[in-house]
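The block underneath contains the structure these notes are about, expressed in structure tokens.
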Number of protein chains: 2
Amino acid sequence: MAKIKTPDQTSKREIIHAIAAELFREKGFRATSMRELAAKVGIEAASLYNHIEGKNELLISICFKVANNFTQKMNEVESMDSDIISKIEALIRYHVYENVYNYKDVYVSDREWRNMEDPELSKYREMRRSYRKRFTSIVEKGISRGEIKKIDANTAVMIFLNAIAAVDQWQRIVNKVSSEELENNMVTILIDGLRK
Amino acid sequence: MAKIKTPDQTSKREIIHAIAAELFREKGFRATSMRELAAKVGIEAASLYNHIEGKNELLISICFKVANNFTQKMNEVESMDSDIISKIEALIRYHVYENVYNYKDVYVSDREWRNMEDPELSKYREMRRSYRKRFTSIVEKGISRGEIKKIDANTAVMIFLNAIAAVDQWQRIVNKVSSEELENNMVTILIDGLRK
DNA sequence: CCTACCGATCGGTAGG
DNA sequence: CCTACCGATCGGTAGG
């Protein structure tokens, strides 16, 4: 039997998770206290535990939400019937999109996941490893098909994943150029390079 | 770090700083306790304070050592008498070099600097901002000279700085390809792109 | 470089 | 959702 929640409980839990993501991003998981989180929610620290299991659960929830999103996108891209460059472009655009519209969760999952403990830590590590491996396979296929230069596929994927990782800087740039413009710049620079 | 110490040469203070960088990188600044650091040094926690001022001093020292290195390199590159692409290439190669041979300090300065407090925090932020600005100016000059495509210079610099930022992944790659090979891959991908 | 110990703060619980 | 409070752990100090 599924847990029955009143609309109020569900909503408060979501509020707590959202504010937690904000604080974890700003100060880091370890540096954020449950008392601080409670204050920002507008209740006492003890009251948080009527809505959530604990501090660790908050981090776990954020990290796996993001990991599942990217895994699902990779499934889609792998089954795309298109050339390799288009697949890589689709992945780049998705990373940009997630970093713009879901940047708190993405940032926390990328920088704070080390604070999880087993078994979640191992599972998360495995998901990251798998995503990177599947991305690398796509690049390698592009090389063997002659669509892509003969570069080291691991290095290329590392550059891509890092280049698009969440940073504070992002929001400033998005305020100047649109998300679409940002995606286009990314694709141009990463796929066609800087040189004119 | 060797367990048997060669007489002096490396001061206790330097040993503590090196082990601190290692721990801050592995577990994060907040998650590293002075007791843990002391244990790895081989003394009691209280004894650390005969050699260092406190936990904050360790982080400050690491962050500014790295920041000063990059600032000095930027001074050199700006005064280079060469085309813009060569300047950007020199910066990329330096980032790769620092990330390979000084990766603990670079990683900590890049991911843990938020744990500093004013006035150091503000000073460090300003150094980062300045470095990024000078890098952007170089790219903009390249665009106006026609050496570089008309892309958004801020986005390009963000990609470059992130692409080359320290990650665990790095060491694995360096074990497979040489540092020079890694530099060459980086330069190729970032300057000339992926497409054949 | 140690033993002994401090005040502060942490995540979380009991009980209403 | 609150007050009251727990044991654990933190960075750091006193004094030898």
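All values below come from the heavy atoms of this structure, side chains included, with hydrogens, waters and symmetry mates left out. Numbers restart at 1 for each chain; the letters A, B, ... are given by sequence-line order, proteins then strands.
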Once base and sugar-phosphate atoms are separated, protein heavy atoms under 4.0 Å mark nucleotides 11-16 of chain C, 5' to 3', with B, S and - as BBB---
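Aromatic ring centres of A:H95 and A:F70: separated by under 6.0 Å.
Environment of CZ in A:R30: sparse, with no more than 12 heavy atoms of neighbouring residues, nucleotides or ligands closer than 6.0 Å.
A salt bridge does not link B:K73 with B:E98: none of the charged nitrogens is closer than 4.0 Å to a carboxylate oxygen.
In this pair, A:W113 and A:Y124 present their aromatic rings tilted. The plane angle is within the 30 to 60° band.
Proximity of B:K12 to B:V41: side-chain heavy atoms (C-beta onward) are separated by under 4.5 Å at one or more points. Two residues are said to be in side-chain contact when any heavy atoms from C-beta on lie closer than 4.5 Å; A:I52 and A:M34 meet this criterion. For the pair A:F24 and A:Y107, the minimum side-chain heavy-atom distance is 4.5 Å or more.
Remark: C1' of C:dC1 and NE2 of B:H51 are 8 Å apart, rounded to the nearest angstrom. What separates CG of B:L48 from C1' of C:dC2 is a distance of 12 Å, to the nearest Å. In this structure, CD of A:E44 is placed 11 Å from P of D:dA4, rounded to the nearest angstrom.
Among residues two or more places apart in sequence or in another chain, the ring-ring contact (aromatic ring centres under 6.0 Å, His included) test is passed with A:F135 by none.
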For DNA chain D, what dot-bracket results from Watson-Crick or G-U pairs at under 3.5 Å, with [ ] for crossers and | for inter-strand partners? ||||||||||||||||
